Each structure stands twice: as structure tokens, then as C-alpha cells.
Amino acid sequence: MSLTLAEVSAEAAECTKCELARGRTQVVFGMGDPSADLMFVGEGPGAEEDRQGLPFVGRSGKLLDRLMAEEIGLSRDQCYIANVVKCRPPDNRDPKPEEVAACRPWLERQIQLIAPTVVVTLGNFSSKLLLDTKTGITKLRGQNYPLNSPVSADTVVIPTYHPAAILRGGGLQEAQMRSDLVRVRMAISR
Ligand code: URA
């Protein structure tokens with residue numbers, strides 16, 4: 001019998017498949033509704049996420065919550081939020097390719113079990129990974145894509161900016177992210 005998301009999360013909490021395990025306070029597996037229509041995927045936990053064990057609970061997360069409520073009409077409990085890597089990279093450096101490869105099966109299992117209608121990839125890192133491309137987020141965003149994964153063939157990927165990019169002062173980027181989230185609302189209400 002296949003495991004539930006809670007059981008997979010308990011397994012991941014013990015993971016030591018890469019060197020990020022040594023520096024973490026705890027594994028940040030993900031949070032939200034295990035049967036959500038909508039899933040967000042960020043890059044990896046920061047300091048606050050590592051402390052609380054929850055994704056997107058710092059400044060970026062507060063902005064994500066606000067944009068999600070204003071443009072989609074959902075709270076974080078009504079969707080599912082996860083990251084590409086589940087453990088905090090030291091000094092907020094980018095995850096290394098071997099760390100991403102080691103962690104990827106956890107993300108695949110999350111997508112498979114949740115089977116969301118839409119995955120929103122936040123920023124370059126998760127967008128390039130899940131769309132298997134080297135194209136940057138500025139060019140990628142503005143369109144819907146099929147998910148490049150055998151585990152959830154009908155899922156649509158909608159790439160948008162990482163909320164941290166908006167916090168760095170992107171007025172135009174915020175408007176574009178809002179329009180991406182309007183497309184998310186339309187895609188999940190079909
Ligand atoms: N940035 C991310 O990509 N993920 C988090 O969980 C927090 C900040």
C-alpha cells in the first residue's frame with residue numbers, strides 16, 4: 001500500500017541523503033492541504049523556516065500569503081506549500097546540484113500524492129527544475145506549461161517570480177506576479 005503524505009513527511013524528517021542534513025535544525029517538508037488543487041514550490045528553507053519547521057514563514061511568506069489571498073482568494077491552509085530542497089542551505093546559498101538530486105524524490109512524491117491541478121513555481125530555481133529548462137523566469141512567466149513529470153501527467157505549471165524578488169523592489173514584477181496568480185485562479189476554477 002502506498003504511504004500517505006504524513007507518512008512520507010515522517011520518513012523525510014529522518015533524511016540524511018545529502019550534506020544539508022548536518023546543518024539543519026529540522027526538515028521543512030511542506031504544509032497545507034494534502035489534497036489541494038494548488039501547490040506552490042519555492043527554493044529552500046531560510047533561517048526562520050529552519051527554526052519553525054514550516055515553509056515560507058518569513059517576510060517572503062507573508063507577501064506570498066497576501067498575494068495568494070488577494071488574487072486567488074485562498075489561504076495557505078487551502079493550498080500546499082513546499083520547496084525544492086527541504087533543508088536550509090547554509091548562509092542561504094543556492095542548493096548544489098547533488099543536493100537537489102538527493103531531495104528531488106521527496107518533491108516527486110509530494111506532487112504524486114497531492115496531484116494538484118496547478119503547481120506554481122516561485123522564481124528561477126524551482127521553475128527551471130520543474131520545467132527542465134535553462135530559460136530564466138522573466139522569459140518563462142506569462143504562460144502555463146505541462147508538468148514535465150511522469151507522476152502527475154495532468155498537472156499544469158504556472159511559473160512566477162519568487163516573492164523575495166518583489167520585496168527587493170519590483171513594482172512591475174509585482175503587477176506581473178499578480179497577473180500570473182489571476183491565471184492560477186482561472187486554471188483551478190475550470
Ligand atoms: N524562500 C523559499 O524559497 N522558501 C522558503 O520556504 C522561504 C523562503
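Predicted model only: the values in this text are computed from it and were never measured.
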Please check if the side chain of [X] supplies one atom and the backbone of [Y] the other of a donor-acceptor pair under 3.5 Å.
| X | Y | value |
| --- | --- | --- |
| Glu49 | Gly58 | yes |
| Glu70 | Leu67 | no |
| Gln112 | Leu107 | no |

Problem set entry | Glu11 bridged to Arg109 by N-O distance under 4.0 Å |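 A salt bridge is present here (some side-chain N lies under 4.0 Å from a carboxylate O).
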Side-chain donor-acceptor pairs of residues 115-125 under 3.5 Å, sequence neighbours excluded:
{"unit_1": "Thr121", "atom_1": "OG1", "unit_2": "Ser127", "atom_2": "OG", "d": "2.9"}
{"unit_1": "Asn124", "atom_1": "OD1", "unit_2": "Ile137", "atom_2": "N", "d": "2.8"}

Exercise. Under a single-linkage definition using a 4.5 Å side-chain heavy-atom cutoff for Ile, Leu, Val, Met, Phe, Trp and Tyr, are Leu113 and Leu3 assigned to the same hydrophobic cluster?
Worked result: yes
Shortest non-hydrogen contact from [X] to [Y]?
| X | Y | value |
| --- | --- | --- |
| Ala101 | Pro105 | O-CD, 3.5 Å |
| Val41 | Ser126 | O-OG, 2.9 Å |
| Lys139 | Thr135 | CB-CG2, 3.6 Å |
| Ala36 | Ile114 | O-CG2, 3.6 Å |
| Arg76 | Gly61 | NH2-O, 4.0 Å |
| Cys79 | Met68 | SG-SD, 3.6 Å |

For this session: Evaluate side-chain contact (heavy atoms from CB on, under 4.5 Å) for Met39 paired with Ile81, printing each intermediate quantity in order.
Result: CA-CA 6 Å; Met39 177 171 177; Ile81 308 180; over 6 Å; no
Problem set entry | Verdict with supporting geometry, Tyr145 and Leu140, side-chain contact (heavy atoms from CB on, under 4.5 Å) | CA-CA 9 Å; Tyr145 300 83; Leu140 282 178; 3.8 Å; yes
Exercise. Which pairs pass side-chain hydrogen bond (donor to acceptor under 3.5 Å, both in side chains) with one or both residues in residues 50-61, sequence neighbours excluded?
Worked result: Thr25-Asp50, Glu48-Arg51, Glu48-Gln52
Exercise. Any side-chain hydrogen bond (donor to acceptor under 3.5 Å, both in side chains) pairs touching residues 35-45, not counting sequence neighbours?
Worked result: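 Non-adjacent pairs meeting side-chain hydrogen bond (donor to acceptor under 3.5 Å, both in side chains): Asp33-Ser35.
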For this session: With sequence neighbours left out, write down each residue that passes side chain to side chain contact (heavy atoms under 4.5 Å, CB included) with Glu71, or none if nothing qualifies.
Result: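 With neighbours one apart ignored, the set is Arg178, Leu181, Val182.
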Problem set entry | Test side chain to side chain contact (heavy atoms under 4.5 Å, CB included) applied to Glu19 - qualifying residues, sequence neighbours left out |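 Partners of Glu19 by the side chain to side chain contact (heavy atoms under 4.5 Å, CB included) criterion, ordered by chain and then number, come out as Arg22, Arg93, Lys96, Glu99.
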Does [X] have any salt bridge (Lys or Arg N to Asp or Glu O under 4.0 Å) partners at least two apart in sequence or in another chain, and if so, which?
| X | result |
| --- | --- |
| Arg168 | none |
| Arg141 | Asp180 |
| Arg185 | none |

Exercise. Any side-chain donor paired with an acceptor under 3.5 Å for Gln26 and Lys86?
Worked result: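 The criterion, which ignores hydrogens and geometry beyond distance, is not satisfied for Lys86 and Gln26.
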Within this structure, what is the [atom1]-[atom2] distance for the pair [X] and [Y], rounded to the nearest 0.5 Å?
| X | Y | atom1 | atom2 | value |
| --- | --- | --- | --- | --- |
| Leu147 | Ile158 | CG | CD1 | 12.0 Å |
| Leu172 | Met177 | CG | CE | 13.5 Å |
| Ser189 | Ile72 | OG | CD1 | 10.5 Å |
| Arg183 | Ile188 | CZ | CD1 | 13.0 Å |

For this session: Taking the side chain as every heavy atom from C-beta outward, state whether Pro159 and Leu131 have any pair of such atoms under 4.5 Å apart.
Result: yes
Please, which pairs that meet ring-ring contact (aromatic ring centres under 6.0 Å, His included) have at least one residue in [range], sequence neighbours excluded?
| range | result |
| --- | --- |
| residues 71-106 | none |
| residues 39-72 | Phe56-His162 |
| residues 170-190 | none |

Problem set entry | Among Cys103, Pro45, Pro90, side chain to side chain contact (heavy atoms under 4.5 Å, CB included) partner for Leu20 | Pro90
Exercise. Other than Val57, what residues sit in its cluster of Ile, Leu, Val, Met, Phe, Trp and Tyr side chains whose heavy atoms are under 4.5 Å apart, directly or through others?
Worked result: Met31, Leu54
For this session: Test Asn144 against Val157 for side-chain contact (heavy atoms from CB on, under 4.5 Å), laying out the working first.
Result: CA-CA 6 Å; Asn144 301 4; Val157 177; over 6 Å; no
For this session: Tell me, with the steps shown, if Leu129 and Arg104 meet side-chain contact (heavy atoms from CB on, under 4.5 Å).
Result: CA-CA 10 Å; Leu129 183 79; Arg104 189 161 186 169; 3.7 Å; yes
